[in-house]
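The structure appears below as structure tokens.
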Amino acid sequence: MPDSLEALIEALRQLPGVGAKSAARMAYHLLQHDRDGAQRLADALMAAVRNIRHCERCHTFSEQPICSTCADPARDQTRLCVVETPSDQAVLERTGAYDGLYFVLQGRISPLDGVGIAELGLAELMVRASDGVIEEVIVATSFTAEGEATAHIISQALAKRGIRATRLARGVPIGGELEYVDLGTIAHALADRH
């Protein structure tokens, strides 16, 4: 196998969920059937690496020092939603149900991976939440063990400062049938009913 093909396959294997066979299949497809697509992919990747940075206020992806969400005066300046990743923020934005500001942690607490409070920027979050403008912090971390631990630590730190923290609700999904919903979700839906 040519060195450059092997390097391409190894590079594609860095993507989440892509194993050796999938990476090889992608590499062969791009080189054999879609060289124009391969060039567009390479150009887009280079432009993104060169131009995308983290917003200085919320840490999401942006081409400017301050992202368009943080710079938008029409956003509700009194609410701050804490998410794990820029992709989580994008999902919340697509719902159209939230018009406040964000703080992107860039992960969640994971002691096994060496990610603790300091790595997530909890101190910076506390400064931002204590600015005198924020009235509510919505903790929108995932419902995994690590996400729950992260939410708990954030909520405790906010409570010590007298800042109101809320958590995303959990429950039965829209269109879901109880027969097929896991027992933990049903239990949380019953406990958090309104």
Side-chain angles (χ1 to χ4, degrees), residues 15-19 22 26 44 48 52 54-55 57-63 66-113 115 117 119-122 124-126 128-129 131 133-159 161-194:
L15 296 171
V18 177
S22 294
M26 286 183 226
I52 300 292
H54 291 285
C55 172
R57 291 195 69 209
C58 73
H59 303 134
T60 196
F61 291 137
S62 176
E63 290 185 342
I66 303 294
C67 72
S68 59
T69 301
C70 288
D72 185 352
R75 302 292 294 211
D76 182 348
Q77 305 291 309
T78 65
R79 292 188 296 153
L80 184 68
C81 184
V82 179
V83 295
E84 294 175 9
T85 65
S87 62
D88 293 338
Q89 177 191 355
V91 168
L92 286 173
E93 278 297 290
R94 283 196 304 270
T95 69
Y98 179 71
D99 68 346
L101 301 173
Y102 293 93
F103 188 90
V104 181
L105 295 170
Q106 300 300 331
R108 58 184 169 240
I109 292 172
S110 179
L112 295 176
D113 297 322
V115 179
I117 296 167
E119 290 76 20
L120 295 181
L122 189 59
E124 189 176 347
L125 171 59
M126 292 304 121
R128 176 109 186 262
D131 67 1
V133 177
I134 300 295
E135 296 174 4
E136 177 188 12
V137 175
I138 302 164
V139 182
T141 55
S142 61
F143 289 103
T144 62
E146 294 90 354
E148 290 285 1
T150 303
H152 179 72
I153 289 170
I154 290 170
S155 296
Q156 281 188 327
L158 291 168
R161 289 168 174 74
I163 300 166
R164 179 173 173 242
T166 58
R167 182 83 166 106
L168 284 184
R170 317 172 249 216
V172 179
I174 293 174
E177 296 182 33
L178 288 181
E179 177 181 2
Y180 302 110
V181 176
D182 67 277
L183 298 179
T185 300
I186 293 173
H188 282 291
L190 281 170
D192 297 338
R193 70 191 182 278
H194 60 85

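Each residue takes its place number in the sequence, starting with 1. Note that the coordinates shown come from a computational prediction; the quantities given were computed from them, not determined experimentally. In what follows, every heavy atom counts, from backbone to side chain, and hydrogens, waters and symmetry copies are set aside.
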### Query
With a 3.5 Å cut-off and no angle check, do the side chains of T69 and D72 form a donor-acceptor pair?
no

Would you find a donor on one side and an acceptor on the other, under 3.5 Å apart, between the side chain of [X] and the backbone of [Y]?
{"X": "T95", "Y": "L92", "answer": "yes"}
{"X": "S22", "Y": "V18", "answer": "no"}
{"X": "E84", "Y": "G147", "answer": "no"}
{"X": "D113", "Y": "V115", "answer": "no"}
{"X": "R128", "Y": "Y102", "answer": "yes"}
{"X": "Q77", "Y": "R75", "answer": "yes"}
{"X": "Q89", "Y": "V104", "answer": "no"}

### Task
Please report the C-alpha distance between L105 and I154 in whole Å, then the side-chain angles of each, then the deciding distance to 0.1 Å, and finally whether the side-chain contact (heavy atoms from CB on, under 4.5 Å) criterion is met.
CA-CA 11 Å; L105 295 170; I154 290 170; 3.8 Å; yes

### Query
Considering only heavy atoms from C-beta outward, does the side chain of L158 approach that of M126 to under 4.5 Å?
yes

### Message
Taking the side chain as everything from C-beta on, heavy atoms only, tell me whether E146 gets closer than 4.5 Å to I109.
### Response
no

#### Entry: Taking every non-hydrogen atom, the tightest pair across C55 and I66
SG-CA, 3.8 Å

### Query
More than 12 heavy atoms of other residues, nucleotides or ligands under 6.0 Å from CG of L190: is that the case?
yes

